[in-house]
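Structure record follows, encoded as structure tokens.
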Amino acid sequence: MAPSRACPYAGRLDFSHEAPLLKNVYDPATLEPRWQRHWEDQGLFRAKNPGETGFDPRQPKFYVLDMFPYPSGAGLHVGHPIGYIGSDIVARRKRMEGCNVLHPMGYDAFGLPAEQYAIQTGQHPAETTRQNIATYRRQLKALGLSFDWSRELSTSEPAYYRWTQWIFARLFDLGLAYQSDKPVWWCEELKTVLANEEVISGRSERGGHPCVKRPLKQWMLRITAYAERLLADLDELDWPEHVKAMQREWIGRSEGAEVDFAVEGAKETLTVFTTRPDTLYGATFLVLSPEHPLVAKLTTAETRAQVEAYVRAAGAKSDLERTDLAKEKSGVFLGSYALNPAFESGEKGARIPIWIADYVLAQYGTGAIMAVPGQDERDWEFAERFALSIVRTVQPPKGFDGKAYTGDGPAIASPRWEGQRVAEAKASAIAWLETAKHGRAKVTYKLRDWLFSRQRYWGEPFPVLHHADGRTTRVPDELLPVELPAMKDFTPSADGSPPLARAKAWLETKDPVSGKSVRRDTDTMPGWAGSCWYYLRFMDPANERAPFAPEVQAYWGSVDLYVGGVEHAVLHLLYARFWHKVLYDLKLVTTKEPFQRLFNQGLLTAFAYKDARGALVPVDQVEERDGAHVKKTSGEKVEPIIAKMSKSLKNVVNPDDVIAEFGVDTFRVYEMFMGPLGESKPWNPRDVGGSRRFLDRLWRLLVDEEGGAVRADLLQERGGTPSGETLTLERALNKTLKRIDDSFTGFNFNTAIAAMMEFVNEGTRARAALTRSQAERFLCALAPFAPHLCEELWSRLGHGDSITRAAWPVADPAYLVDDEVELVVQVNGKLRAKIRVPKDADKAQLEALGRAAVSEQLAGKSVKKVVVVPGRLVNFVGE
RNA sequence: GGGGAAGUGGCGAAACCGGUAGACGCAUCGGACUUAAAAUUCGAAGGCCGCAAGGCCGUGGGGGUUCGAGUCCCCCCUUCCCCA
């Protein structure tokens with residue numbers, strides 16, 4: 001809020017003795033909670049499932065879903081609900097269009113922050129989560145969002161995670177869940193492992209703590225088995241192109257070949273992956289990653305000390321540091337040689353040295369590359385640095401003076417495919433490798449298997465049992481859920497063993513099949529697990545026999561519109577798609593993809609302030625004086641910056657405060673009026689009042705503030721075709737309805753609200769001409785945006801049923817055209833006059849009318865050309 | 001380094017297919033109402049020159065295509081996002 005200003009409505013709501021006593025002012029503080037109670041009592045937003053009473057199979061279904069929130073301790077700020085409001089508008093409109101709308105909300109409640117908080121405060125995460133959810137629920141309900149609250153769920157409840165474990169059991173049975181002890185990212189600060197995608201530049205994505213690679217036994221999910229389908233099926237989705245592009249990049253498909261290199265004086269072969277098999281003749285050395293299993297074996301006595309030191313140093317670096325292009329290349333010669341299969345042994349170029357270098361990563365391809373400096377920039381740099389030979393095998397274009405040439409061109413120095421261009425040469429090289437048995441065509445993906453365990457308490461326990469003989473079996477479905485044991489201390493042990501390892505009574509158990517002693521798994525699932533399928537549980541949230549009934553899923557299909565932040569473009573959306581495809585293969589769901597249409601709302605930013613020393617000043621301590629921002633107390637000048645709302649920037653605005661001052665409908669209208677939903681824009685407390693004034697004006701247009709519930713003349717409908725001012729209003733209304741409709745395509749509701757403001761202004765100007773029917777159609781169109789106010793006015797107009805059940809108003813094309821249109825008259829492309837012309841005037845008439853209007857400017861000039869665009873302009877082009 | 005999105009008044013923004021740039025709103029200024037203020041209401045307002053009529057300039061910068069470019073093409077600058 002603009003802290004320097006008192007509430008601008010204080011005057012209106014202050015019934016002091018001198019103010020005229022208005023019984024009927026717009027008072028959102030009383031009417032909004034009343035309508036919210038009404039909606040809840042009537043169960044107006046309950047979606048009907050097949051088989052329920054009142055379910056109508058002829059009604060089209062529409063599933064509109066928000067990405068559910070992680071209930072943090074701070075509660076909602078005004079940036080969170082912007083997407084919820086947008087999706088709510090769609091949901092409410094779809095209901096008015098006669099759809100059976102599924103619009104649920106829940107909580108992604110497992111996760112690290114609650115546990116970190118628990119460790120600090122000693123409060124159980126179940127307890128803090130319960131409290132946080134209560135806050136979220138209260139705030140969400142205050143926003144008047146039309147959720148079907150009977151479907152509310154939380155991923156940390158046993159009734160929910162029972163089925164998360166059940167789905168894990170399916171993955172386990174399919175061999176898609178397995179244990180591995182490859183090196184994984186370990187975060188010392190968080191005392192847990194993290195997935196590759198949760199570590200950015202060697203630091204944890206959450207909290208920015210340093211991470212190191214460590215070998216640990218971990219659960220992995222074989223998402224790579226679905227790489228091809230996760231890639232291919234993107235094509236059919238109605239998603240923003242850049243999100244699809246990010247997923248494609250993340251999956252990182254590359255086509256190429258594996259090539260086997262014999263090692264001189266050893267029986268092992270080294271297999272490398274290359275996307276450029278056509279450059280085989282130019283492979284002048286091999287480079288292994290320092291972690292490659294054959295490094296020790298291929299190291300000679302003379303080089304051993306140096307190699308071992310290098311391997312140690314490389315282990316401490318992050319992938320980003322290792323592959324940074326700007327970085328000086330480093331590496332060590334192992335002392336051994338490989339034989340390039342393109343050459344006969346003894347031929348020049350056949351014997352090539354084997355190096356290790358940290359720019360080659362163990363996880364990608366085979367962890368080894370053939371270096372082709374002539375056609376690869378990094379290899380060129382490496383060759384230059386260590387004086388290794390460089391052979392061009394693709395002819396660069398004339399005048400090329402660079403180093404490595406990576407473009408297209410004819411093959412040279414490559415007898416088997418001499419002269420062929422890159423694409424053709426690749427095919428020839430692969431064909432030759434396969435017949436000569438030196439290699440094979442190969443597709444690799446950058447996508448890695450998903451590291452699926454965390455050494456934490458607050459997550460889903462794995463429904464598995466470890467046997468003394470080393471076998472791992474899963475807990476039978478009928479014994480799920482495996483509930484978290486009650487614990488008081490969640491601190492990870494100093495040795496890194498998880499908290500669950502200390503829950504002895506829980507840990508040691510009997511195998512229900514054999515009766516023998518077994519141990520449970522002490523890891524838990526990562527925070528992503530619950531969100532992988534929550535959209536399915538919403539379809540049938542109370543089902544105790546299955547995660548969801550097949551006929552219910554068959555009815556709701558997939559999510560028609562999924563709204564959320566772009567920060568989930570890769571991880572959540574990829575993981576959920578993976579699980580969905582597994583369920584599809586098991587014939588548990590009928591659709592290939594979970595989310596048909598995706599929309600990303602833009603980031604809501606806010607002003608934050610810095611003083612002269614650069615220290616942050618909380619927003620509520622700043623005011624505007626004479627166009628400058630100053631500190632309230634001292635008058636000291638502060639500099640405004642625009643940034644994401646966050647506690648640390650001290651620029652968080654709480655929706656509770658905005659609602660208390662202006663009402664929810666104003667809040668909803670303002671958030672949508674700020675700009676297109678997809679774009680990021682700053683919250684400006686100064687602007688909120690404008691949205692409130694719009695609703696006030698509407699109220700006064702319809703309500704008799706000094707007496708009746710509505711203006712008396714609106715109680716009865718006037719018949720007949722509109723004429724005069726009423727006709728003008730009818731046209732204005734239909735244009736408004738059209739613009740509102742158009743705004744739903746791109747979620748630029750700001751234009752819809754602008755149109756509605758114009759109509760209210762127009763209506764205020766011609767108050768007496770406004771008919772009941774016009775008022776009603778307008779209210780129906782505004783209802784999804786400002787539902788409480790519209791319900792109130794709708795009921796005051798005498799309707800017993802909720803406006804939610806009213807029909808969505810459609811523009812009548814007959815009223816979208818005017819009798820006269822404004823025409824612009826230009827001379828040489830410059831605006832010289834505006835004239836009003838009949839809408840059906842032909843080109844010749846338009847030219848004549850235009851010529852008359854600019855006769856003065858045309859005097860003495862010769863007109864060479866006349867451009868006439870009916871409905872737009874006439875342009876006279878002279879010399 | 002590669003890819004993507006964006007850049008329009010003091011501010012948030014609008015402009016369908018190339019056809020009146022700045023709708024709508026905020027802030028600002030002025031009139032009415034009021035003892036006064038608030039609220040309300042009517043009106044002004046991109047910049048420059050001019051008493052005015054009017055003129056010139058103007059959508060990050062530079063070029064181009066066109067009768068006509070915020071919109072299309074080329075080059076450049078800045079910001080944000082993703083990848084390396």
Side-chain angles (χ1 to χ4, degrees), chain A residues 2 5-14 16 18-20 22 25 200-201 240-250 252 319-320 322-327 359 377-378 446 566-567 569-570 600 602-603 605 607 624 626-627 640 642-644 669-670 673-676 678-694 696-697 700 705 736 738-739 742-743 745-746 748 750-761 764-765 821-835 863-879:
Chain A
R5 281 161 218 288
C7 166
Y9 302 94
R12 287 196 66 78
L13 301 176
D14 172 20
S16 64
E18 274 166 316
L22 300 178
V25 291
I200 295 162
S201 310
E241 275 312 316
H242 69 276
V243 174
K244 290 198 209 178
M246 281 162 73
Q247 293 225 343
R248 284 190 192 106
E249 263 175 50
W250 191 262
D319 289 0
L320 191 85
R322 287 172 51 158
T323 54
D324 189 353
L325 286 170
K327 186 201 74 157
Y359 76 93
E377 283 164 28
R378 287 187 301 189
K446 212 165 69 187
V566 74
E567 65 271 20
V570 180
N600 297 124
L603 187 70
T605 54
F607 294 106
E624 217 181 313
D626 311 316
I642 287 184
K644 190 173 169 170
V669 167
Y670 173 63
F673 184 58
M674 291 170 77
E679 261 151 55
S680 106
K681 55 238 161 201
W683 174 274
N684 192 342
R686 220 173 51 182
D687 293 348
V688 185
S691 297
R692 169 63 188 257
R693 275 198 278 273
F694 158 57
D696 277 327
R697 280 166 75 89
R700 286 193 300 269
E705 286 191 307
T736 300
K738 170 86 168 60
R739 286 170 69 185
D742 292 346
S743 75
T745 338
N748 49 341
N750 52 326
T751 61
I753 293 164
M756 290 189 275
M757 286 173 166
E758 283 178 63
F759 180 76
V760 169
N761 291 344
T764 303
R765 230 166 275 135
V821 290
E822 196 174 58
L823 191 79
V824 166
V825 188
Q826 294 181 333
V827 177
N828 287 330
K830 288 192 191 247
L831 175 67
R832 285 295 116 106
K834 292 178 188 180
I835 52 173
V863 174
K864 282 200 295 202
K865 185 176 175 183
V866 183
V867 182
V868 182
V869 185
R872 292 282 180 199
L873 54 68
V874 184
N875 187 10
F876 297 94
V877 184
E879 77 276 17

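Chain letters run A, B, ... following the sequence lines, proteins first and then strands; every chain starts at 1. All heavy atoms count here, side chains included; hydrogens, waters and symmetry mates do not. Predicted, not measured: the structure shown is a model, and the values here were computed from it.
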Taking only the side-chain heavy atoms of [X] (C-beta and beyond), determine which of [options] contains the nearest atom.
X      : options                : result
A:R700 : B:rA13, B:rU41, B:rG19 : B:rU41
A:R686 : B:rC26, B:rC57, B:rA15 : B:rC26
A:P682 : B:rC83, B:rG12, B:rA23 : B:rG12
A:E822 : B:rU41, B:rU20, B:rC24 : B:rU20
A:E758 : B:rU20, B:rA23, B:rC67 : B:rA23
A:H242 : B:rA13, B:rU41, B:rG4  : B:rG4

How long is the line joining [atom1] of [X] and [atom2] of [N], in whole Å?
X      : N      : atom1 : atom2 : value
A:R693 : B:rA39 : CZ    : P     : 8 Å
A:N748 : B:rC24 : CG    : P     : 17 Å
A:W250 : B:rG4  : CH2   : C1'   : 17 Å
A:K864 : B:rG68 : NZ    : P     : 11 Å
A:L831 : B:rG54 : CG    : P     : 12 Å
A:E249 : B:rA5  : CD    : P     : 13 Å
A:M674 : B:rC26 : CE    : P     : 15 Å
A:M246 : B:rC80 : CE    : C1'   : 13 Å

Counter-base of [N], judged by Watson-Crick or G-U geometry with both distances under 3.5 Å:
N      : value
B:rA5  : B:rU79
B:rA15 : none
B:rA21 : none
B:rA53 : none

Sugar-phosphate, base or nothing in reach of [X], heavy atoms under 4.0 Å:
X      : result
A:K681 : sugar-phosphate
A:N750 : sugar-phosphate
A:N761 : sugar-phosphate
A:E679 : nothing
A:K244 : nothing
A:R832 : sugar-phosphate
A:S680 : sugar-phosphate
A:R697 : sugar-phosphate
A:E241 : nothing

When the nearest nucleotide of RNA chain B is assigned to A:K865 and to A:K830 on a heavy-atom basis, which residue is associated with the more 5' position?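 Upstream on the strand: A:K830.
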Point to revise | Which residue lies more 5' along RNA chain B, comparing A:P676 with A:V566 via nearest heavy atoms | key: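 Of the two residues, A:P676 wins.
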Using atom [atom1] in both nucleotides, what's the gap between [N] and [M] to the nearest angstrom?
N      : M      : atom1 : answer
B:rA53 : B:rU34 : C1'   : 39 Å
B:rU41 : B:rC24 : P     : 15 Å
B:rG22 : B:rA15 : C1'   : 9 Å
B:rC73 : B:rC80 : P     : 25 Å
B:rG60 : B:rU79 : C1'   : 11 Å
B:rG64 : B:rG70 : P     : 15 Å
B:rU35 : B:rG12 : P     : 41 Å
B:rU20 : B:rG68 : C1'   : 12 Å

_Does A:K738, at its NZ atom, have more than 12 non-hydrogen atoms belonging to other residues, nucleotides or ligands within less than 6.0 Å?_
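No, because the 6.0 Å sphere around NZ of A:K738 holds 12 heavy atoms or fewer from other groups.
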Item to complete: Measure the shortest side-chain to side-chain distance between A:V760 and A:M756 over non-hydrogen atoms and say whether it is less than 4.5 angstrom.
Response: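 They are not in side-chain contact.
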Q. Is any side-chain heavy atom of A:N600 less than 4.5 Å from a side-chain heavy atom of A:H242?
A.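 Of all side-chain heavy-atom pairs linking A:H242 with A:N600, at least one is under 4.5 Å.
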- Item | side-chain contact (heavy atoms from CB on, under 4.5 Å) evaluation trace for A:F673 with A:M757 | CA-CA 11 Å; A:F673 184 58; A:M757 286 173 166; 3.8 Å; yes
Review point. Glycosidic conformation of B:rC17, syn or anti, with 90° from 0 as the boundary?
Key: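 This nucleotide is in syn.
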Syn or anti for B:rG9 (syn when the glycosidic angle lies within 90° of 0):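 Classified syn.
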Drop me the distance from [X]'s [atom1] to [Y]'s [atom2], to the nearest 0.5 angstrom.
X      : Y      : atom1 : atom2 : answer
A:I753 : A:R739 : CD1   : CZ    : 12.0 Å
A:F759 : A:T764 : CZ    : OG1   : 9.5 Å
A:M674 : A:N684 : CE    : CG    : 8.0 Å

Side-chain (A:K681) to main-chain (A:P676) donor-acceptor, under 3.5 angstrom: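 A pair under 3.5 Å: yes.
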request  = Give a yes or no on whether a donor-acceptor pair under 3.5 Å exists between the nucleobase atoms of B:rU20, that is its base, and the side chain of A:Q826.
outcome  =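 Under the 3.5 Å cut-off, the side chain and the base do not form any donor-acceptor pair.
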